[in-house]
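Below is one structure; the comments refer to it alone.
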Amino acid sequence: MAVSKIFPDAAAALAGLLHDDMTLMAGGFGLCGIPEALILAIRESGVKGLTIISNNAGIDGVGLGILLETRQVKKMISSYVGENATFAKQYLAGELEIEFNPQGTLAERIRAGGAGIPAFFTATGYGTQIAEGKETREFNGRHYVMEQGLFADLAIIHAWKADTEGNLVYRKTARNFNPVIATAAKTTVAQVELLVEPGEIDPDHVHTPGVFVKRIVKLDHVEKRIEQRTVRKRAA
């Protein structure tokens, strides 16, 4: 008999998957498309020594920022962490490791990991601190630096819609890093806003095939946060 991928809540969806010193990937761009319910469940689990691969580290009190506040994170592999004062404080105190990546390089490292590609060459970062200690080569007169693919023990992602087989659809900017992260871990857990039956999603509209998704939790409410709100002044 087929095993259901649907779990009643985030804690249940993560049961048996968490352990100290694990490597975790988390989707999102800024605060858009972050798996917030799953992050909260990780905080409540008390797991520690985490290496987290994510575009950013959230902000103070929101997203991955809550795992920094509880000091559950050992290392971040990211491209941008500028909105998080807690991150800056811990890093400058030598309490947190950081592996910075150009944003496109980070996305390609994750994609490569999910595709089974151990390493690749990119011109981005050659001749800078990014390339220090890494292999470099010249191709057709241009210099490149070797970057390794990334693969995690667990991926946590957010999707707009899923069917019970795990086929996922993302919505607008929340698509961001979620699709590539879904492919690049031993186990992928998705939190979703809408849950439908198989066949209700047009196959041409599926962004992540269900083969990549092992567990799903359907949320009753999702808070859509805005990291930086910019508005025009009202006309007089």
Side-chain angles (χ1 to χ4, degrees), residues 9-11 13-14 17-107 109-110 129 150 152-160 170-178 180-181 185 189-193 217 219-231:
D9 54 49
L14 293 171
L17 300 178
L18 302 175
H19 59 83
D20 291 348
D21 302 312
M22 71 185 300
T23 299
L24 170 73
M25 281 194 191
F29 182 84
L31 299 182
C32 184
I34 62 173
E36 191 163 15
L38 293 169
I39 293 170
L40 287 168
I42 291 170
R43 181 188 68 180
E44 295 307 309
S45 77
V47 67
K48 59 184 183 298
L50 299 174
T51 294
I52 299 183
I53 302 165
S54 180
N55 166 255
N56 65 91
I59 63 174
D60 295 282
V62 180
L64 293 174
I66 67 173
L67 299 181
L68 292 172
E69 291 176 351
T70 51
R71 298 184 179 274
Q72 291 170 263
V73 183
K74 176 179 67 178
K75 180 179 180 178
M76 288 293 307
I77 300 176
S78 303
S79 61
Y80 179 72
V81 292
E83 302 297 329
N84 195 312
T86 302
F87 178 98
K89 182 178 179 181
Q90 290 182 14
Y91 173 69
L92 293 173
E95 300 168 349
L96 180 67
E97 298 176 51
I98 174 66
E99 183 178 327
F100 272 127
N101 295 256
Q103 186 154 276
T105 299
L106 179 65
R109 290 184 71 189
I110 296 168
Q129 290 183 340
L150 292 169
D153 299 306
L154 173 67
I156 54 172
I157 59 175
H158 175 93
W160 171 57
Y170 308 98
R171 189 169 184 271
K172 301 186 185 299
T173 307
R175 191 167 172 178
N176 53 61
F177 278 79
N178 283 297
V180 288
I181 283 176
V189 180
Q191 63 170 56
V192 304
E193 299 177 44
V217 56
L219 304 180
D220 294 326
H221 171 73
V222 177
E223 185 171 355
K224 304 293 180 73
R225 303 178 186 274
I226 299 175
E227 187 171 355
Q228 297 283 356
R229 185 186 298 272
T230 303
V231 297

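What you see is a predicted model, and the numbers here were worked out from it, not measured in a lab.
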Give the intermediate values and the outcome of side-chain contact (heavy atoms from CB on, under 4.5 Å) for residues Met22 and Leu154.
CA-CA 8 Å; Met22 71 185 300; Leu154 173 67; 3.7 Å; yes

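- Between the Asp20 side chain and the Lys48 main chain, a donor and an acceptor come within less than 3.5 Å of each other.
- Crowding of Tyr91 atom OH: a count of heavy atoms from other residues, nucleotides or ligands under 6.0 Å not exceeding 12.
- Rounding to the nearest 0.5 angstrom, the gap separating the CG atom in Leu38 from the CD1 atom in Ile157 is 9.0 Å.
- Rounded to the nearest 0.5 angstrom, Glu69 CD and Arg43 CZ are separated by 8.5 Å.
- A donor-acceptor pair is defined here as one N or O able to donate and one able to accept, closer than 3.5 Å; no such pair exists between the side chain of Asn84 and the backbone of Val81.
- The closest donor-acceptor contact from the side chain of Gln72 to the backbone of Leu67 lies at 3.5 Å or more, if one exists at all.
- Considering all non-hydrogen atoms of both residues, Gly27 and Pro35 come closest at O-CD, 3.3 Å.
- The shortest side-chain heavy-atom distance between Leu64 and Asn56 does not fall under the 4.5 Å cut-off.
- The main-chain N or O of Leu50 is never found under 3.5 Å from a side-chain atom of Asp21 such that the two would form a donor-acceptor pair.
- The closest side-chain heavy-atom distance from Glu97 to Lys74 is below 4.5 Å.
- Across all their heavy atoms, Gln191 and Ala37 have their closest contact at OE1-N, 3.0 Å.
- Looking at every heavy atom in both residues, Val222 comes nearest to Leu219 through CG2-CD1, 3.7 Å.
- Asn101 contributes no side-chain N or O that, together with a main-chain N or O of Gln103, makes up a donor-acceptor pair within less than 3.5 Å.
- A donor atom on one side chain and an acceptor atom on the other are found under 3.5 Å apart for Glu193 and His158.
- Although no hydrogens or angles enter the test, the distance criterion places no donor-acceptor pair under 3.5 Å between the side chain of Gln90 and the main chain of Glu95.
- Side-chain contact between Val192 and Val217 is absent, with no heavy-atom pair separated by less than 4.5 Å.
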Applying side-chain contact (heavy atoms from CB on, under 4.5 Å) to Ile77 and Thr23, what does each step give before you reach the verdict?
CA-CA 10 Å; Ile77 300 176; Thr23 299; 6.0 Å; no

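- Atom CG of Leu14 and atom CD1 of Ile156 lie 7.0 Å apart (nearest 0.5 Å).
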Trace of the side-chain contact (heavy atoms from CB on, under 4.5 Å) decision for Ile42 with Leu18:
CA-CA 8 Å; Ile42 291 170; Leu18 302 175; 4.2 Å; yes

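- The two atoms that bring Gly33 and Ala174 nearest to each other are CA-CB, 3.8 Å, heavy atoms only.
- Between the CD1 atom in Ile181 and the CD1 atom in Ile110 there is a gap of 4.5 Å [rounded to 0.5 Å].
- Heavy-atom minimum distance, Glu36 versus Gly63: OE2-N, 4.3 Å.
- At least one side-chain heavy atom of Leu106 sits less than 4.5 Å from a side-chain heavy atom of Phe177.
- Remark: the backbone N or O of Lys75 is not paired with any side-chain donor or acceptor of Thr51 at under 3.5 angstrom.
- Atom-to-atom distance recorded for Ile98:CD1 and Ser78:OG is 4.5 Å, nearest 0.5 angstrom.
- We find the CE-CG distance between Met25 and Leu150 to be 5.0 Å, quoted to the nearest 0.5 Å.
- For Tyr170, the OH atom counts as densely surrounded, since its 6.0 Å shell holds more than 12 non-hydrogen atoms of other residues, nucleotides or ligands.
- Considering only heavy atoms from C-beta on, Asp60 stays 4.5 Å or farther from Val62 through its side chain.
- A donor atom on one side chain and an acceptor atom on the other are found under 3.5 Å apart for Asn55 and Ser79.
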Apply side-chain contact (heavy atoms from CB on, under 4.5 Å) to residues Phe87 and Val73 and explain how you reach the verdict.
CA-CA 10 Å; Phe87 178 98; Val73 183; over 6 Å; no

